Amino acid sequence: SALLDYETRPRIEFKVLARQVSGTGQASSSTQVRINVLDLNDNIPVFSKSLYTAQIYENITAGTSILRVRATDGDNGDFGAIRYTQLSGKLADKLQLDDISGLIICATNSQDFDRELHPEIHLTVEATDNNGLGNKASARVILQLLDINDKVPRFLKPIYKGVMKPDQSSLKSPLYVEAVDDDAEEPNNKIRYSMDPSIFNRNFRVDSQSG
């Protein structure tokens with residue numbers, strides 16, 4: 001059966017010889033035989049990579065191109081015509097897969113891509129031959145989210161209280177304030193402290209790093 005492969009040998013030709021086995025002269029004759037092999041959809045799509053990766057910012061907007069997947073098929077004609085038929089996984093509904101080109105783009109302006117909640121998005125892309133009706137194959141897609149400065153600092157307490165010395169020259173003991181920032185990476189989550197301008201700036205100061 002290995003000889004009957006349309007993609008490598010669409011036609012087989014050979015000669016058949018007939019020879020007289022008895023009598024004198026042993027006359028013979030021959031004829032040429034040609035066999036046309038019919039194609040079957042016997043090959044599955046093959047992606048150029050088993051894993052595709054890309055980096056995107058968490059504030060990506062609709063219409064932004066992310067990456068292109070590519071699959072080929074060893075069959076000829078319609079049997080080898082690839083369609084990209086499915087993109088599945090978490091947040092796949094926020095993306096769009098072009099069924100002909102394999103291009104994946106962002107389909108929404110909603111802020112569902114959150115670096116702090118989902119550092120990576122794992123997806124599966126599917127390719128189907130015979131114009132989307134035949135054999136299927138899949139590959140993995142990982143989108144790595146890049147952090148943006150979309151979180152504001154927040155103090156751990158709503159009010160901080162200190163006690164002044166009787167002469168009101170200074171605090172009895174240092175007062176520490178503390179804030180955090182929920183962004184995933186530096187410098188977006190790096191905190192610096194400062195005091196708003198007021199008449200008390202000459203009496204108090206805050207350490208910009210320790211609080």
Side-chain angles (χ1 to χ4, degrees), residues 1-22 26-58 60-110 112-115 117-146:
S1 61
L3 293 176
L4 301 179
D5 187 346
Y6 179 85
E7 285 69 44
T8 58
R9 192 189 296 268
R11 184 169 55 246
I12 299 173
E13 295 184 6
F14 56 88
K15 182 182 291 187
V16 174
L17 179 67
R19 180 180 289 114
Q20 187 178 10
V21 297
S22 64
Q26 293 188 338
S28 65
S29 66
S30 65
T31 186
Q32 193 75 14
V33 177
R34 174 182 295 174
I35 298 175
N36 293 319
V37 179
L38 298 179
D39 192 20
L40 294 175
N41 191 7
D42 56 345
N43 291 292
I44 64 173
V46 177
F47 279 95
S48 60
K49 299 178 182 179
S50 61
L51 172 63
Y52 295 85
T53 61
Q55 293 182 326
I56 61 173
Y57 283 99
E58 57 181 331
I60 188 172
T61 55
T64 303
S65 297
I66 298 175
L67 63 86
R68 188 188 305 272
V69 299
R70 181 174 181 270
T72 56
D73 190 279
D75 289 304
N76 290 312
D78 285 344
F79 288 151
I82 296 289
R83 291 294 182 268
Y84 302 95
T85 47
Q86 187 175 14
L87 184 66
S88 60
K90 192 174 187 66
L91 299 180
D93 59 329
K94 310 301 179 184
L95 304 169
Q96 180 178 327
L97 171 67
D98 188 280
D99 68 328
I100 295 178
S101 69
L103 179 66
I104 299 174
I105 67 172
C106 179
T108 177
N109 285 321
S110 66
D112 293 303
F113 299 102
D114 192 326
R115 168 64 177 79
L117 294 178
H118 309 292
E120 291 185 342
I121 301 172
H122 291 247
L123 305 160
T124 300
V125 62
E126 179 184 85
T128 309
D129 63 14
N130 196 15
N131 287 304
L133 301 174
N135 300 313
K136 301 178 185 297
S138 62
R140 296 168 59 212
V141 177
I142 296 180
L143 304 182
Q144 301 166 337
L145 294 186
L146 301 177

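Note that the numbering runs from 1 along the sequence shown for the chain. Bear in mind that the values here come from a model prediction, so they are computed numbers and not experimental data.
Note: Asn130 CG to Lys136 NZ = 10.5 Å, rounded to the nearest 0.5 Å. In this structure, Ile44 CD1 and Thr128 OG1 are separated by 11.0 Å, a value rounded to the nearest 0.5 Å. Between Gln55 atom CD and Leu146 atom CG the span is 4.5 Å, to the nearest 0.5 Å. Here the CD1-OG1 distance, from Ile105 to Thr108, works out to 11.5 Å after rounding to the nearest 0.5 Å. Between Ile104 atom CD1 and Ile66 atom CD1 the span is 7.0 Å, to the nearest 0.5 Å.
Contact of the Leu123 side chain with the Val125 side chain is not registered, since no non-hydrogen atoms from C-beta on lie closer than 4.5 Å. By the 4.5 Å heavy-atom criterion applied to side chains, Asn135 and Pro45 are counted as neighbours. A heavy-atom distance below 4.5 Å is not found between the side chains of Leu145 and Pro119.
Annotation for Glu58 and Arg115: closest pair OE1-N, 2.8 Å, computed over non-hydrogen atoms. Taking all atoms of both residues into account, the shortest heavy-atom contact from Ile82 to Ala127 is CG2-CB, 4.1 Å. Nearest approach of Thr124 to Ser138, heavy atoms of both residues: CG2-CB, 3.8 Å.
Remark: of the listed residues Asn41, Asn131, Asp129, Asn131 is the sole one forming a side chain to side chain contact (heavy atoms under 4.5 Å, CB included) with Asp78.
Formation of a donor-acceptor pair under 3.5 Å by the Asp75 side chain with backbone atoms of Asn43 is found in this model. Judged purely by atom type and a 3.5 angstrom limit, Gln86 has no side-chain atom pairing as donor or acceptor with the backbone of Glu126.
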May I have the list of side-chain donor-acceptor pairs in residues 94-102 shorter than 3.5 Å, sequence neighbours left out?
from, atom 1, to, atom 2, distance (Å)
Lys94, NZ, Asp112, OD2, 3.3
Asp98, OD1, Ile100, N, 3.0
Asp98, OD1, Ser101, N, 2.8
Asp98, OD1, Ser101, OG, 3.1
Ser101, OG, Leu103, N, 3.3

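In this structure, Tyr84 and Phe47 have tilted ring planes: the angle between them lies in the 30° to 60° band.
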